[in-house]
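By convention in this document, chain letters (A, B, ...) are assigned in the order of the sequence lines, proteins followed by strands, and residues within each chain are numbered from 1. Side chains included, hydrogens not; waters and symmetry mates left out as well; all remaining heavy atoms used.
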Number of protein chains: 4
Amino acid sequence: MPPIRLWSIEDFQIDPSRPLYEQFVEQIRAMIARGELEPGTRLPSVRETAASLRVNPTTVMKTYQELERLELIVTFRGQGTFVTQAEEAIRQTRMQLAKEAVRRLEETARSIGLSLEELWELSREKE
Amino acid sequence: MPPIRLWSIEDFQIDPSRPLYEQFVEQIRAMIARGELEPGTRLPSVRETAASLRVNPTTVMKTYQELERLELIVTFRGQGTFVTQAEEAIRQTRMQLAKEAVRRLEETARSIGLSLEELWELSREKE
Amino acid sequence: MPPIRLWSIEDFQIDPSRPLYEQFVEQIRAMIARGELEPGTRLPSVRETAASLRVNPTTVMKTYQELERLELIVTFRGQGTFVTQAEEAIRQTRMQLAKEAVRRLEETARSIGLSLEELWELSREKE
Amino acid sequence: MPPIRLWSIEDFQIDPSRPLYEQFVEQIRAMIARGELEPGTRLPSVRETAASLRVNPTTVMKTYQELERLELIVTFRGQGTFVTQAEEAIRQTRMQLAKEAVRRLEETARSIGLSLEELWELSREKE
DNA sequence: GTGGTCTAGACCACA
DNA sequence: GTGGTCTAGACCACG
């Protein structure tokens, strides 16, 4: 059973100034959170992924380990790595991402002394 | 002409896993953006700040130089460092911070396949 | 993948009364602007450069970071530092240097009350 | 015999990142070179100038000393400081400034691998 | 007194 | 291996 398809480096938006594995984690997590990678889907192996993304295998390994720690993927030895079947974990992730995003927005508003409404208005001004 | 007052390390919330100078820049920028540090105010000297924050002078200098590149402070040789008189630059900074914060929120919503309203609702659910 | 070749201190013309890093920036920028360092070329590592130029690694790092802010080089974490592939940025730099040089010439002419033609004539007189 | 008039800081264009005295020297030298300050004119005293420009007296002193070294002004003890009567010195200065400006232009052209004509063309392109 | 540069050397995360 | 941050301490020009 092959994985849906190999990744290409163009599937990711990379900022060279930030850790690669961190950006892979974020973007694969988003793929799972929005349902683009469905539960049970088999992911390409570490070796395959490293080759297709042209990155160091240890970078992919760190990515997968972190996603595993987040309980978004599971590895079955000898069988491969799969998106978790636990939809609850995916639901939780979506909520965490939402809460975190709003928390950051509120933190920014607080730091410049604005209410959320004022921040919103300001962000909509031109120039 | 002394600066308003020396900083204490308690004036800053420091995450030891991130670069010190980066956090100083962010938090001083916020002080200026919300008007806590008024235009024309003299900042404590590099040496004073280093002593009061218990960090190395070069760390403070890197902080000040970054704030200067952001055009939020100005250095007059031999006289010290001052919050810019150009209130326009401060206004711009507030707007940039607001726009950036909202952009990140929209980016998060997009990445998990939600509208801004849906993201907001989700962030307000309990658990 | 080694860089083209190490630098020697003889590759640079150093005026000891001016900041080292500033002169390195100017001269490496010129190498890129005139195509001597081609897009994609890997620069010698910070440590190698520091050793071959007999300067401190932090001096080289400051040089590279400044060139990075100018968008003339890009750093890939753990991989090294490379001349940007964005030839547009290089073209822009050439134009900026040209415009700036002419602007300075016009400024000098203005400051001594001459037209560009008169300045040119004057500079060609002997003694 | 009063000097023509006191200077105000608005008579000068100041870049805070460069030495003050250096900029005063350049700009007063230009005033003399273009004839705005005529030979024999009496300059305001160091003390007066420091007060009217709101700078440190030692800065003005250093400025005058440098202009004296350039033989553009002369000080008669107890009488004051005057623009030199030696028109030859002024002529020389104009020529030095012109030669130096052209030398810098040629140096820039050389550093980016262009002829003077090509540099000129490039500086005239838009964007 | 001020900031700016440079050195020497340590430690860290990342690939 | 790579660059990035931080410390400690020296020296300098400027005002």
Side-chain angles (χ1 to χ4, degrees), chain A residues 14 16-24 50 53-63 66, chain B residues 1-3 16-24 42-50 53-66 68 73-82, chain C residues 1-3 14 16-24 42-51 53-66 68 73-82, chain D residues 14 16-24 50 53-63 66:
Chain A
I14 297 303
S17 73
R18 290 178 51 211
L20 271 181
Y21 86 94
E22 201 175 293
Q23 303 180 65
F24 289 142
L53 292 181
R54 315 218 184 181
V55 299
N56 196 304
T58 62
T59 304
V60 179
M61 193 164 323
K62 204 163 177 182
T63 301
E66 180 65 11
Chain B
M1 194 198 316
S17 74
R18 291 179 51 212
L20 278 176
Y21 82 93
E22 200 177 293
Q23 302 179 65
F24 290 143
R42 176 164 168 229
L43 300 182
S45 80
V46 169
R47 286 162 172 74
E48 282 173 333
T49 305
L53 294 182
R54 317 272 186 119
V55 298
N56 193 282
T58 58
T59 302
V60 178
M61 181 149 335
K62 203 169 176 183
T63 301
Y64 280 16
Q65 285 179 341
E66 179 66 14
E68 189 152 18
I73 68 177
V74 187
T75 295
F76 291 92
R77 306 183 68 132
Q79 310 244 59
T81 304
F82 301 80
Chain C
M1 193 198 316
I14 297 303
S17 74
R18 290 180 51 211
L20 278 176
Y21 83 93
E22 199 176 294
Q23 302 179 66
F24 290 143
R42 177 166 168 230
L43 300 183
S45 79
V46 170
R47 287 162 172 73
E48 283 174 333
T49 304
L53 293 183
R54 316 277 186 115
V55 297
N56 193 282
T58 59
T59 303
V60 178
M61 183 150 333
K62 203 167 176 184
T63 301
Y64 280 15
Q65 284 178 343
E66 179 66 15
E68 188 152 18
I73 68 178
V74 187
T75 296
F76 291 92
R77 306 183 65 131
Q79 310 245 60
T81 303
F82 301 81
Chain D
I14 297 303
S17 72
R18 291 179 51 210
L20 272 181
Y21 85 93
E22 201 175 293
Q23 303 179 65
F24 289 141
L53 291 182
R54 315 217 186 184
V55 299
N56 195 304
T58 62
T59 304
V60 179
M61 193 164 322
K62 205 164 176 182
T63 301
E66 179 65 12

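Between B:Q79 and C:G78, the one whose closest nucleotide on DNA chain E sits nearer the 5' end is B:Q79. Mapped onto DNA chain F by nearest heavy atom, C:E48 and B:T59 fall at different nucleotides, with C:E48 at the one closer to the 5' end. For B:P44 and A:R18, each mapped to the nucleotide of DNA chain E holding its nearest heavy atom, the one lying further toward the 5' end belongs to B:P44.
Checking the phosphate oxygens (OP1, OP2) of F:dG4, a side-chain nitrogen or oxygen of C:Q65 falls inside 4.0 Å. Phosphate proximity of E:dG3 to B:T75: absent, as no side-chain N or O sits under 4.0 Å from OP1 or OP2. Between E:dT5 and C:Y21, a contact under 4.0 Å exists linking OP1 or OP2 to a side-chain N or O.
C:L20 has its CG atom 4 Å from the P atom of E:dC6, to the nearest Å. Taking atom CZ of C:F82 as the reference point, atom C1' of F:dG1 lies 12 Å away to the nearest angstrom. Between the CZ atom of D:F24 and the P atom of F:dC14 there is a distance of 14 Å, given to the nearest Å. Summarising the geometry, the separation between CZ on C:R42 and P on F:dT2 is reported as 6 Å, rounded to the nearest angstrom. Here the C1' atom of nucleotide E:dG4 and the NZ atom of B:K62 are 15 Å apart, to the nearest Å. Across the protein-nucleic acid pair, C:E68 atom CD and F:dG4 atom C1' stand 11 Å apart, rounded to whole Å. What separates CE of A:M61 from P of E:dC14 is a distance of 16 Å, to the nearest Å. E:dT7 atom P lies 10 Å from atom CG of C:L53, rounded to whole Å.
Residue C:I14 comes nearest to C:P16 through the heavy atom pair O-CD, 3.5 Å, listed as atom of the first residue, atom of the second, then distance. Here the shortest heavy-atom pairing between B:V46 and B:M61 reads CG1-CE, 4.0 Å. Between B:R42 and B:Q79 the shortest heavy-atom distance is NE-O, 3.7 Å. Contact record, C:A50 with C:N56: CB-C, 4.0 Å, taken as the closest heavy-atom pair. Shortest non-hydrogen contact noted between C:I73 and C:Y64 is CD1-O, 3.3 Å.
Distances from the side chain of C:V55 to the nucleotides E:dT7, E:dG3, F:dT2 place E:dT7 closest.
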Pick out the pairs of N or O atoms, protein on one side and nucleotides 9-11 of chain F on the other, that lie under 3.5 Å.
none

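The environment of CZ in C:R18 is crowded: more than 12 heavy-atom neighbours from other residues, nucleotides or ligands sit within 6.0 Å.
Remark: side-chain polar atoms of C:R77 are paired, donor with acceptor, to backbone N or O of A:S17 under 3.5 angstrom.
Taking CG from C:L20 and CD from C:Q23, the interatomic distance works out to 6.5 Å, rounded to the nearest 0.5 Å.
Scanning DNA chain E for stems, defined as runs of 3 or more consecutive Watson-Crick or G-U wobble pairs whose donor-acceptor distances all fall under 3.5 Å, gives the following ranges: E:1-14 with F:1-14.
Listed by chain and residue number, nothing satisfies the side-chain hydrogen bond (donor to acceptor under 3.5 Å, both in side chains) test with B:T59 (two or more places apart in sequence, or in another chain).
There is no side-chain donor-acceptor pair under 3.5 Å between A:T58 and A:Y21.
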